[in-house]
Each structure stands twice: as structure tokens, then as C-alpha cells.
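Here is the naming used below: chain letters follow the sequence lines, and residue numbers restart at 1 for every chain. Please read all numbers here as calculations on a predicted model, not as lab measurements.
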Amino acid sequence: MWSGLDRPLILRSLALLLGGAVLGLGINAARPTGVALTGFEPPTACTAAAAEEAPVIEMTPREASSLCGQSGTLFADTRTAESFEAGHVADAIHLPCDMTASGAEVAMKELGHAQTIVVYGASTEEAAEVAETLRRRGLKMDVRVLRGGFSAWEQEGLACASGPCPGCAITHKQEPSP
Amino acid sequence: MKKTALLWLLRLGLGGMFLAAGALKWSDPTSFALEIHNYQLLPDLAPLLAATLPAVEIVLGLAILVGPRPWVRASALASTLVLGVFTVAVASVVARGVNITCGCFGEGSGPVTMWTVLRDVVLVAAGVLLFRLASPPPASAVPAG
């Protein structure tokens with residue numbers, strides 16, 4: 001491949017790469033939704049212990065919904081019991097931050113059947129705390145965080161909130177009767 | 001004739017793929033930066049790459065699809081280099097056992113697996129082939145005036 005390399009060819013290649021990069025930087029600077037080039041931080045790894053590991057992966061609601069059909073996927077809701085009762089991703093288990101020790105043990109047994117856990121809360125940060133805690137407990141499954149929390153899920157109008165979600169139905173806590 | 005058909009097939013395939021990949025990453029650069037960050041290779045460069053890569057891919061895609069022959073060859077060379085870097089990145093992820101989404105085609109690209117590595121190797125090979133097919137004809141083939 002390299003035998004046909006000449007100066008004009010290399011210059012054209014560099015022009016394409018650099019031109020594209022400069023164009024991208026210019027448009028990124030001009031658009032309101034551009035990424036911040038300095039000070040970018042992933043929204044997880046909030047503790048020193050967590051930072052030593054790979055960061056918890058965030059997923060957009062649409063990415064998370066694509067996992068719903070997959071076996072071994074479980075959604076965990078970290079919000080309050082009242083919020084959980086008012087509405088949640090179908091077949092999600094309740095896993096609040098202030099869970100009692102015995103409640104946490106029961107939840108951990110349920111979680112142990114899952115290969116992938118998508119944790120969501122009222123916000124990304126709330127879910128990230130619980131996700132980091134799960135990982136620090138040595139769970140080997142894939143723990144992910146729903147970006148934007150349950151409100152983002154609702155805003156996307158995703159089916160799991162009101163429709164069937166067979167892949168999520170691995171374990172299910174019974175909801176209290178109204 | 002066969003060479004010309006193969007050349008156009010490669011131009012359409014690779015050019016279309018680059019255009020699609022760039023366009024799909026375009027809408028949400030912050031999410032793309034997070035996906036690059038998850039590779040744990042050059043986390044500090046994640047926002048810079050997220051801002052530039054989609055445009056680079058679109059430029060390369062357009063050059064492959066509609067550029068004149070010398071620019072097609074140059075874009076094939078640049079594309080092969082870019083795809084080579086992608087291949088190293090995904091192979092590294094697989095080797096380290098990091099479970100992340102690829103981000104190759106924006107949201108919902110699926111996880112990085114051995115298939116991702118294999119796909120990238122095939123794309124690198126396609127880039128090399130396009131580079132060779134887009135070469136100018138040898139001087140001896142030009143009839144003397």
C-alpha cells in the first residue's frame with residue numbers, strides 16, 4: 001500500500017483530516033449543544049475508590065430501552081417508595097438509597113440473577129451513587145445508569161413505563177395495593 | 001470493467017458508511033464524548049475527539065463518494081488510517097474486558113465485541129483495496145503521442 005505514496009497524496013490526506021477537524025471544531029463552537037472542550041468530566045466516579053475502577057456507563061433512555069428485550073436485564077429504581085408507586089419502568093425493582101440493611105440483602109439476592117442492571121433515579125447523580133455502591137459490593141454484572149433519570153425516560157415516551165417489557169421480568173417486587 | 005465496478009462498490013460502501021457514522025454521531029457530541037471516555041484510552045481527549053470525529057468522517061465520506069480520483073485515493077488513505085486507529089481501540093477494549101457500548105454509529109451502536117473488531121479489520125482491508133484501485137493507471141498504459 002505504501003509504495004504509491006507521494007507528497008501530493010499525503011498532503012491531500014492531511015488536508016482532509018485537518019479540514020474535517022477544523023470544521024468540526026468550528027461548528028462545535030458555534031452550536032449551543034456543542035461539547036465543552038475543557039472541564040469535561042464523566043458524571044460518575046464520584047469517590048476515590050470508584051475512580052480506581054472503570055466508570056459506570058451511562059445510557060440514554062433509548063439505549064436503555066433497547067436492553068429491555070434482552071434476557072438478564074433488570075431495572076432498579078432508586079427513588080422514594082412514593083415515587084416508585086406513582087410510576088416506574090415496568091418490572092423494575094425498588095432499590096432506594098436509604099434501604100435498610102436487611103432490605104438491601106434481599107435486593108442483592110434479586111440483583112444477583114441479572115447480567116445487566118440499569119439503575120435509575122430522580123436524577124443521574126442519585127442513580128450513579130447506587131450504581132457505584134453496587135460495584136463496590138463486588139457484583140460482577142454490568143451496572144449502568146440511566147442518564148437523566150426516570151423523568152428523561154418518561155419524556156421519551158418509552159414503552160416500558162406502560163407497556164410490556166419481557167426482558168425486564170426476571171425478578172419483580174410486588175407493589176403494595178393501593 | 002470488473003475493477004471499475006469494484007471501485008464504485010467500495011466507494012459507495014465506505015463513503016456511505018463514513019457519512020452515516022458521522023451523521024449519526026452529530027446530534028449529541030456530549031454523549032459521544034462520554035462514549036469515547038468509556039474506552040479508557042485517552043479520556044482527556046474525549047471532548048476534542050467528540051467535536052472533530054463526526055466532521056472528519058463526513059468529510060472523508062463525501063470525498064470518497066463524490067471526489068475526483070486523486071482525492072478518492074487520498075481519502076482512502078486517510079480513512080484507512082482512521083479505521084486502523086478505531087480497530088486498535090476496539091481490540092484494546094475487548095482485550096481488557098471493558099464492557100462498553102461502541103459508539104461507532106451514535107446511540108444504540110451495541111457493545112464492543114470481537115465482531116466489532118472483525119468488522120473494523122474488514123473495513124481496513126476495504127480501505128486498502130480502495131486505495132489500490134483508485135491508483136492512477138501506469139504510465140506505460142498511456143499510448144504514446
J.: Would you check if B:Glu35 and A:Glu58 make a side-chain contact, meaning some heavy-atom pair closer than 4.5 Å?
T.: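 Side chain of B:Glu35 against side chain of A:Glu58, heavy atoms only: no contact under 4.5 Å found.
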J.: Are A:Leu18 and B:Val59 joined in one hydrophobic group, where the rule is that I, L, V, M, F, W and Y side chains link up if heavy atoms are under 4.5 Å apart?
T.: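 Result: no, two separate clusters.
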J.: Could you pull out the closest heavy-atom pair between A:Ser13 and B:Ala74, with the gap in Å?
T.: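 Taking every non-hydrogen atom into account, OG-O, 3.0 Å.
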J.: Which atoms of B:Pro54 are under 4.5 Å from chain A, going by heavy atoms: the side chain, the backbone, both sets, or neither?
T.: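 Neither part; nothing is under 4.5 Å.
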J.: Which pair of heavy atoms, one from A:Leu16 and one from B:Ala63, lies closest together, and at what distance?
T.: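 In this case the closest contact between A:Leu16 and B:Ala63 is CD2-CB, 3.9 Å.
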J.: Is there a path from B:Val82 to B:Leu42 through hydrophobic residues (I, L, V, M, F, W, Y) whose side chains come within less than 4.5 Å of each other?
T.: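 As far as the 4.5 Å side-chain criterion goes, B:Leu42 and B:Val82 are connected within one cluster.
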J.: Side chain, backbone, both or neither: which part of A:Ala36 has a heavy atom under 4.5 Å from chain B?
T.: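 Contact with chain B: backbone only.
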J.: Does a side chain donor of either A:Arg147 or B:Ser31 reach within less than 3.5 Å of an acceptor in the other side chain?
T.: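 Yes.
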J.: Do B:Pro29 and A:Arg31 have side chains that get closer than 4.5 Å, going by heavy atoms?
T.: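 SC-SC contact between B:Pro29 and A:Arg31 confirmed.
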J.: Membership question, hydrophobic clusters at under 4.5 Å side-chain separation (ILVMFWY): are B:Ile64 and B:Leu6 in the same one?
T.: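 Yes, one cluster joins them.
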J.: Give a yes or no on whether B:Val66 and A:Leu23 share a hydrophobic cluster (residues Ile, Leu, Val, Met, Phe, Trp, Tyr; joining criterion: side-chain heavy atoms under 4.5 Å apart).
T.: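 Yes: a chain of side-chain contacts under 4.5 Å links B:Val66 to A:Leu23.
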J.: Atom CG in B:Leu48, atom CG in A:Leu25: separation rounded to 0.5 Å?
T.: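 The distance works out to 6.0 Å.
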J.: Does any non-hydrogen side-chain atom of B:Leu60 lie less than 4.5 Å from one of A:Leu17?
T.: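 Of all side-chain heavy-atom pairs linking B:Leu60 with A:Leu17, at least one is under 4.5 Å.
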J.: Please flag which part of B:Ser135 lies under 4.5 Å from any non-hydrogen atom of chain A: side chain, backbone, both or neither.
T.: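 Answer is neither: B:Ser135 stays 4.5 Å or more from chain A.
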J.: Distance-only, no hydrogens or angles: does the B:Thr30 side chain make a donor-acceptor pair with backbone N or O of A:Val35 under 3.5 Å?
T.: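 Looks like no, no N/O pair under 3.5 Å.
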J.: Could you look at A:Leu14 and say if it's the side chain, the backbone, both or neither that has a heavy atom under 4.5 Å from chain B?
T.: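 A:Leu14 has no heavy atom closer than 4.5 Å to chain B.
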J.: Where on B:Ala33 is there a heavy atom nearer than 4.5 Å to chain A: the side chain, the backbone, both, or neither?
T.: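 For B:Ala33, backbone and side chain are both near chain A.
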J.: Distance-only criterion, 3.5 Å: show the donor-acceptor pairs between side-chain atoms of residues 110-118 of chain B and protein atoms not counting sequence neighbours.
T.:
from     : atom 1 : to       : atom 2 : distance (Å)
B:Thr113 : OG1    : B:Trp115 : N      : 3.1
B:Thr116 : OG1    : B:Thr113 : N      : 2.9
B:Thr116 : OG1    : B:Thr113 : O      : 3.3

J.: A:Leu9 versus B:Trp71: any side-chain heavy-atom pair under 4.5 Å?
T.: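 Contact flag for A:Leu9/B:Trp71 side chains = no.
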J.: If you take all heavy atoms of A:Ala21 and B:Val56, which pair is closest and at what distance?
T.: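 Scanning both residues completely, I find the closest heavy atoms to be N-CG2, 3.4 Å.
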J.: Need one label for B:Ser79: side chain, backbone, both or neither, based on atoms under 4.5 Å from any heavy atom in chain A.
T.: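 Contact with chain A involves no heavy atom of B:Ser79 at all.
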J.: I want to check something: taking the side chain as every heavy atom from C-beta on, are B:Leu77 and A:Leu5 in contact at a cut-off of under 4.5 Å?
T.: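 A side-chain contact exists here, since the closest heavy-atom pair is under 4.5 Å.
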J.: Between A:Thr33, A:Leu37, A:Thr38, A:Val22, which residue shows the highest count of heavy-atom pairs closer than 4.5 Å to chain B?
T.: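 The residue among A:Thr33, A:Leu37, A:Thr38, A:Val22 with the greatest pair count is A:Leu37.
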J.: Transitively linked via ILVMFWY side-chain contacts under 4.5 Å: B:Leu12 with B:Leu83?
T.: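 Linked within one cluster.
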